[in-house]
2 protein chains.
Amino acid sequence: MTTKTKKKGAATLPLNEILAGDCVEVMNSLPENSVDLIFADPPYNLQLRGDLHRPDNSKVDAVDDHWDQFDSFKAYDKFTRAWLAAARRILKPNGAIWVIGSYHNVFRMGAELQNQGFWILNDVVWRKSNPMPNFRGKRLTNAHETMIWASKQEASKYTFNYEALKALNDGVQMRSDWVIPICNGHERLKDDAGNKAHPTQKPEALLHRVMVAATNPGDVVLDPFFGTGTTGAVAKMLGREFIGIEREEAYREVAKKRIDNVRKFDKEALTVSQSKRAQPRVPFGQLVERGMLRPGEVLTSPRGKVAKVRADGTLVSDDVKGSIHQVGAALEGAPSCNGWTYWMFKRDGKNVPIDLLRQQIRAEMAERPN
Amino acid sequence: MTTKTKKKGAATLPLNEILAGDCVEVMNSLPENSVDLIFADPPYNLQLRGDLHRPDNSKVDAVDDHWDQFDSFKAYDKFTRAWLAAARRILKPNGAIWVIGSYHNVFRMGAELQNQGFWILNDVVWRKSNPMPNFRGKRLTNAHETMIWASKQEASKYTFNYEALKALNDGVQMRSDWVIPICNGHERLKDDAGNKAHPTQKPEALLHRVMVAATNPGDVVLDPFFGTGTTGAVAKMLGREFIGIEREEAYREVAKKRIDNVRKFDKEALTVSQSKRAQPRVPFGQLVERGMLRPGEVLTSPRGKVAKVRADGTLVSDDVKGSIHQVGAALEGAPSCNGWTYWMFKRDGKNVPIDLLRQQIRAEMAERPN
DNA sequence: TACTCAGATGAATCCCACG
DNA sequence: ACGTGGGATTCATCTGAGT
């Protein structure tokens, strides 16, 4: 495992390590505003039948009493409040968190996220293609778990690789319900006796999609309930840095061995479809300066509106003057207008969007970046 | 509308009526332990900011009604606490409740349900087959809403028609995620001017499934946020008794007229559209997420072209990037190309079309439909 | 009639670099 | 910090007019 550290003020950030201990204490020892993404799969040990243990492992006596249930909810809320606050402190201002849970705990996590000022971006349903059936026929097959994606605050400029997720979904915008098989087969880690190494190991496909969606290569991803290290394994494959925190030594050992055996994907495979927003801005005036369009030349719209190009890169049409966007919006009575795709010019007798000229300039810029 | 009443101690239960007023006050005026099922679709507290336009510049009709405005989470919690307590009092000991919401409010409702001693049986995801897209490309398509099904207490012997739901689902155990279209077309109620009678009308198919699952004929179903009366309409069709509570006179009027026109047991309008695709679409990206192909892996074409797989399920080859189909077409100089049959990967030293992997996934899907 | 195609629309916490 | 304005962004389904 490669170990790097990042300086952040006085404290340093231990990268690609599995830290031992209680996640709240460990997170509190890390520098604030230092982590890009947190993925958390906390225990739901609200025990509903049989022995009831509070999250701190103290035992609750009576089970069937409403007040004891309430007491255990209170304890679980206290636990949730503590680790979410610690997580929020170490998140960068533009950072985000994903938590996963079932109906036993996810409502309490979601409410506490909101209470602490996290800003929910989506709730995402992991729809299991092969869930365990409900054997007694007393309820619906519990065929999904819920993830909550939230930024540190409402104003956060969170990372979302929209185009990459659209590409993952065959060119259609990715939805909030994801069909992914549960973790089994070769991917499921077993001990020497053939028993599951961890009771709730998450599929790598789930983490793959989360990280492609919400991080960029080189980002730091922290998992406070690391378990057998799915988060670390996928982070390494995808060229992200990880920080794991895990209390149980047995899990840490399994995770370390697992991650050591992971190979990084090569760099080219990690670059992902880019949004147009990432492309350099080209002022319309540049087309005029370069002689791609002449002052006085007439542009037309799909619905037959016309405007004349002026030497300074503005348009004029009857009583309207201004940018390609402003004139387009005014002529359409629309709140806004993308002039690049709205206006067309004549080439070889055919009307062609002026965006074609911008693409030519961008292609030149890519060849000779200056 | 047939009006019956049921005696319960001193007070009586008004059946098949729409009661005017605040739902907490009205519920408090009803006898305790008297209702079999409550279905509640409370305000979501959406907290919308500015206007939203589609890419074609048309404006999205926002849910900006006064009844959805709350000053804070604290105010919303107070509201939730009050109506859930009133609802719980009138529920029979073996009764149950369904609530529906989005990520804006459902976590707070779920936590409060637990706090009050309701016993969650399932969270149920309504997966919309035709949700509104995310127009700005800043988040995932919000393609689902969440329902919570809870009994009055842990010891409740709640109603669950397991076999009926299994039958509704082609003989396979019903799962916790339900695919149902949003309410539109002829089912969507309009006023004389052609505007939506209610901004958030729920589909009858959803209520149909809830009532078939959780009630028997003759049961009393109460809806404290009746709106335009979907709950009442479906209850009448299915031979259940309903009690509606609605504050707004305009909604009550629409609902009354609607329910008066409902015929019992008119199942034709209720059959859930199955719309099975002959062959389900499998995004190429799924092969990457599932680890069937690795980012960086090289695919080859019959004529020796090569391309590398990227983490988002796109390919890259020399100067061309894009989907398996786009890159294939570009390399062949063809207008189109079926990437599934064009590209091959290496398995056991032999080149095999990637379509083989798609067939594997489809086979899994066929074994476990839904 | 049957089919095509343009237009409308749905519970939505929906931009951001630059001056 | 705040205002300005360039310019990026959509899927499934139903309706209704036209052929």
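Chain A is the first sequence line, chain B the second, and so forth, proteins listed ahead of strands; every chain is numbered from 1. Quantities reported herein were computed from a predicted structural model and do not represent experimental measurements.
- Taking atom NE2 on His198(B) and atom P on dG10(C), their separation rounds to 13 Å, with Å as the unit.
- Within the 4.0 Å cut-off from OP1 or OP2 of dA8(D), at least one side-chain nitrogen or oxygen of Arg358(A) is found.
- Minimum atom distance to the side chain of Asp56(B) is reached by dT9(C), of the listed dT9(D), dT13(C), dT9(C).
- With no hydrogens or angles considered, no side-chain donor-acceptor pair links Arg175(A) and Asn134(B) at under 3.5 Å.
- In this entry the distance linking CG of Leu140(B) with C1' of dC11(D) reads 15 Å, nearest Å.
- Proximity of the aromatic rings of Trp126(A) and Trp178(A) is defined here by a centroid distance below 6.0 angstrom, and this criterion is not met.
- An aromatic stacking contact links Trp119(A) with the base of dT13(C), defined here by ring centres under 5.5 Å apart and ring planes under 30° from parallel.
- Asn134(B) comes within 4.0 angstrom of a base, heavy atoms only.
- Straight-line distance from the CD1 atom of Ile182(B) to the P atom of dG10(C): 8 Å, rounded to whole Å.
- For the pair Lys138(B) and dA8(D), the criterion of a side-chain N or O lying under 4.0 Å from OP1 or OP2 is not met.
- Distance CG (Asn195(B)) to C1' (dG10(C)): 14 Å, rounded to an integer number of Å.
- Judged purely by distance below 3.5 Å, without hydrogens or angles, the side chains of Asp123(B) and Thr146(B) never pair a donor atom with an acceptor atom.
- In this structure, Leu46(B) atom CG and dG10(C) atom C1' are separated by 13 Å, rounded to whole Å.
- Checked against dA11(C), dC14(C), dT10(D), the side chain of Pro55(B) finds its nearest nucleotide in dT10(D).
- With DNA chain C read from its 5' end, the first of the two nearest nucleotides for Ser58(B) and Met132(B) is the one closest to Ser58(B).
- Taking for each of Gln173(A) and Gly185(B) the nucleotide of DNA chain D with the nearest heavy atom, the 5'-most of the two is the partner of Gln173(A).
- Using a 4.0 Å heavy-atom criterion, one finds that Gly339(A) contacts no nucleic acid atom at all.
- Among the atoms of the strands shown, base atoms are found under 4.0 Å from some heavy atom of Lys202(B).
- Nearest to the side-chain atoms of Gln326(A) among the listed nucleotides dG5(D), dT9(D), dA11(C) stands dG5(D).
- Within the nucleic acid shown, Arg277(A) comes within 4.0 Å of sugar-phosphate atoms alone, with no base atom in reach, counting heavy atoms only.
- Contacts of Pro335(A) with the nucleic acid, taken as non-hydrogen atoms under 4.0 Å apart, are absent.
- When the C1' atom of dA11(C) is taken as reference, atom OH of Tyr103(B) falls 10 Å away, rounded to whole Å.
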